[in-house]
Amino acid sequence: MNTLAGAGEGRLAVVTGANGFIGRWLVPELACCGWSLRLLLRRDPVAPEWQHLRPEIVAGTLADPAALENLVEGAALVVHAGGLIKAATRREFFEVNRDGTAAIAKAARTAVPDAHFLLVSSIAAREPGLSDYAASKSAGESVVREIWGPHATILRPPAVYGPGDRESLRFFQVARHRYVPVPGPADARTAMIHVQDLARLVAALAASAPAGATLTATDARPQGYRRDEIFRAAAQAVGNDSPRLVRAPGPLLRAVALAGDVARLFGSAAMLNSQKLREIRHPDWSVPAAEVAQAPGWAPAFGLQDGFADAVAWYRRAGWLPA
């Protein structure tokens, strides 16, 4: 049972990034909490999880001032969850993750200054020197603070996984093999959260977040998980009960990353490249206690093992992983 049902009381929430991995779960969660919904979409909605909700749709992008003006009119809540996680150039990252964020923040501040502005950022923003992505997310946070001051909430998700995510699918595909390569330092720590827990957290913060807070989402292990724990849990989730975990050779990782760098030179938005490798090999993506996001009525429902099992079950039903 959703303890936040009715928290929105029919007030209007507008959402960007609704067709994205997180957005597809966030939209029905906000609806369940009583919010009326208006979404910014560049194409017809494709998410089966919320098509029955019949939200109001504003056609356009973050680069369309008229669309943003129509989007935010009358809103009590603005959740900006849109953004790029991969791009061919630094400019593309900044055009969306900084400039697009600035555009909707300004539109909302002008039209609905008393609304709650909630930015869904990334834990990568705390290490902007690692990659263009991290730098662009940090820059997006900065413009929100400049425009909204202490009246906005910034939430940084850590590694997010769950049903429907094609990026973490590759992770489970690798975990099916007898030898499972583990990238990065063995003692590196990575905080994790299931996408449904993250969606519920955003909805809870929409109703109760402290003004001006910058918080980081996590499951019940803010200290994170060691890499061997993560890959062993992934292997168990796909039925590989006796995986041989091996340290991924540095030269191999660099070679794969170099291929991604070359792809970027030719305009392809490769997910794995040298910059992403630096993010993967960063030793500490844990969450300090003072930064852990908490909200009344919310607690993570998934730990790593049952969360991975849930994701794998969905992948198999969808035919993305063999049964």
Side-chain angles (χ1 to χ4, degrees), residues 1-18 20-37 49-50 53 75-81 115-123 125-126 141 144 150-165 168 190-225 285-311 314:
M1 180 178 177
N2 191 325
T3 59
L4 294 169
E9 299 177 348
R11 293 178 296 164
L12 177 63
V14 303
V15 181
T16 69
F21 170 47
I22 295 171
R24 291 198 302 273
W25 294 99
L26 175 59
V27 168
E29 192 62 42
L30 289 170
C32 186
C33 293
W35 294 94
S36 297
L37 294 165
E49 295 88 353
W50 50 263
L53 301 175
L77 170 66
V78 179
V79 180
H80 179 41
H116 182 187
F117 191 93
L118 198 160
L119 171 64
V120 180
S121 181
S122 168
I123 196 173
R126 77 185 195 194
E141 292 185 1
V144 167
H151 305 291
T153 302
I154 296 173
L155 179 66
R156 294 171 169 174
V160 184
Y161 65 92
D165 183 30
S168 57
T190 302
M192 309 280 288
I193 193 166
H194 189 285
V195 67
Q196 293 180 32
D197 282 339
L198 177 60
R200 292 191 305 107
L201 175 60
V202 173
L205 290 173
S208 64
T214 298
L215 305 168
T216 305
T218 178
D219 64 9
R221 286 270 299 270
Q223 69 271 31
Y225 300 87
W285 291 119
S286 63
V287 184
E291 299 176 11
V292 173
Q294 299 179 1
W298 179 86
F302 292 96
L304 193 65
Q305 290 187 332
D306 55 344
F308 277 4
D310 178 72
W314 188 97

Quiz prompt | Donor-acceptor contact below 3.5 Å, side chain Trp25 vs main chain Pro163 | solution = yes
Quiz item: Under a 4.5 Å cut-off applied to non-hydrogen side-chain atoms, are Glu291 and Arg126 in contact?
Solution: yes
Quiz prompt | Non-hydrogen atoms of Ala115 and Ala75 that approach each other most closely | solution = CB-O, 3.5 Å
Quiz item: Does the ring of Phe21 carry Arg24 above it, NZ/CZ under 6.0 angstrom from centre and within 45° of its axis?
Solution: no
Quiz item: Roughly how far apart are Trp285 CH2 and Met192 CE, rounded to 0.5 Å?
Solution: 14.0 Å
Quiz item: Do Gln223 and Ser286 have a side chain donor and acceptor closer than 3.5 Å?
Solution: no
Quiz item: Hey, what do you get for CD (Gln196) to CD1 (Ile22), rounding to the nearest 0.5 Å?
Solution: 13.0 Å
Practice problem: Taking all non-hydrogen atoms of both residues into account, name the closest pair between Val287 and Ala217 and its distance. | Solution: CG2-O, 4.2 Å
Quiz prompt | Test item: Asp197 side-chain N/O and Phe302 main-chain N/O as donor-acceptor pair under 3.5 Å | solution = yes
Practice problem: For the pair Val120 and Val79, evaluate side chain to side chain contact (heavy atoms under 4.5 Å, CB included) and give the outcome as yes or no after the intermediate values. | Solution: CA-CA 7 Å; Val120 180; Val79 180; 4.1 Å; yes
Self-check item: Atom pair SG (Cys33) and CZ (Arg11), whose distance is rounded to the nearest 0.5 Å
Solution: 11.0 Å
Practice problem: Scan Val15, Val144, Thr153 and name whichever one has a side-chain contact (heavy atoms from CB on, under 4.5 Å) with Leu118. | Solution: Thr153
Quiz item: Atom CD in Gln294, atom CG in Leu205: separation rounded to 0.5 Å?
Solution: 10.0 Å
Exercise. Evaluate side chain to side chain contact (heavy atoms under 4.5 Å, CB included) for Leu37 paired with Leu30, printing each intermediate quantity in order.
Key: CA-CA 8 Å; Leu37 294 165; Leu30 289 170; 3.9 Å; yes
Quiz item: When rounded to the nearest 0.5 angstrom, what distance separates CG in Leu119 from CG in Leu155?
Solution: 8.5 Å
Quiz item: Roughly how far, to the nearest 0.5 Å, is the CG atom of Leu215 from the CZ atom of Arg156?
Solution: 9.5 Å
Exercise. Output yes when a side-chain donor or acceptor of Arg200 lies under 3.5 Å from a complementary backbone atom of Ala299, and no otherwise.
Key: yes
Exercise. Looking only at non-hydrogen atoms, find the nearest pair between Ser121 and Glu141 and report the distance.
Key: OG-OE2, 2.7 Å
Exercise. Report yes or no: do Asp219 and His194 form a side-chain donor-acceptor pair below 3.5 Å?
Key: no
Practice problem: Assess whether side chain to side chain contact (heavy atoms under 4.5 Å, CB included) is satisfied between Thr190 and Tyr225, documenting all intermediate values. | Solution: CA-CA 5 Å; Thr190 302; Tyr225 300 87; 5.7 Å; no
Practice problem: Using a 4.5 Å cut-off on heavy atoms from C-beta on, say whether the side chain of Thr218 contacts that of Val292. | Solution: yes
Self-check item: Over all atoms of both residues, closest heavy-atom pair of Ser208 and Pro296
Solution: OG-CD, 3.3 Å
Quiz item: So, for Pro28 and Leu53, which heavy atoms are closest and what is the spacing to 0.1 Å?
Solution: CA-CD1, 3.6 Å
Quiz prompt | Non-hydrogen atoms of Trp35 and Ala76 that approach each other most closely | solution = CZ3-CB, 4.1 Å
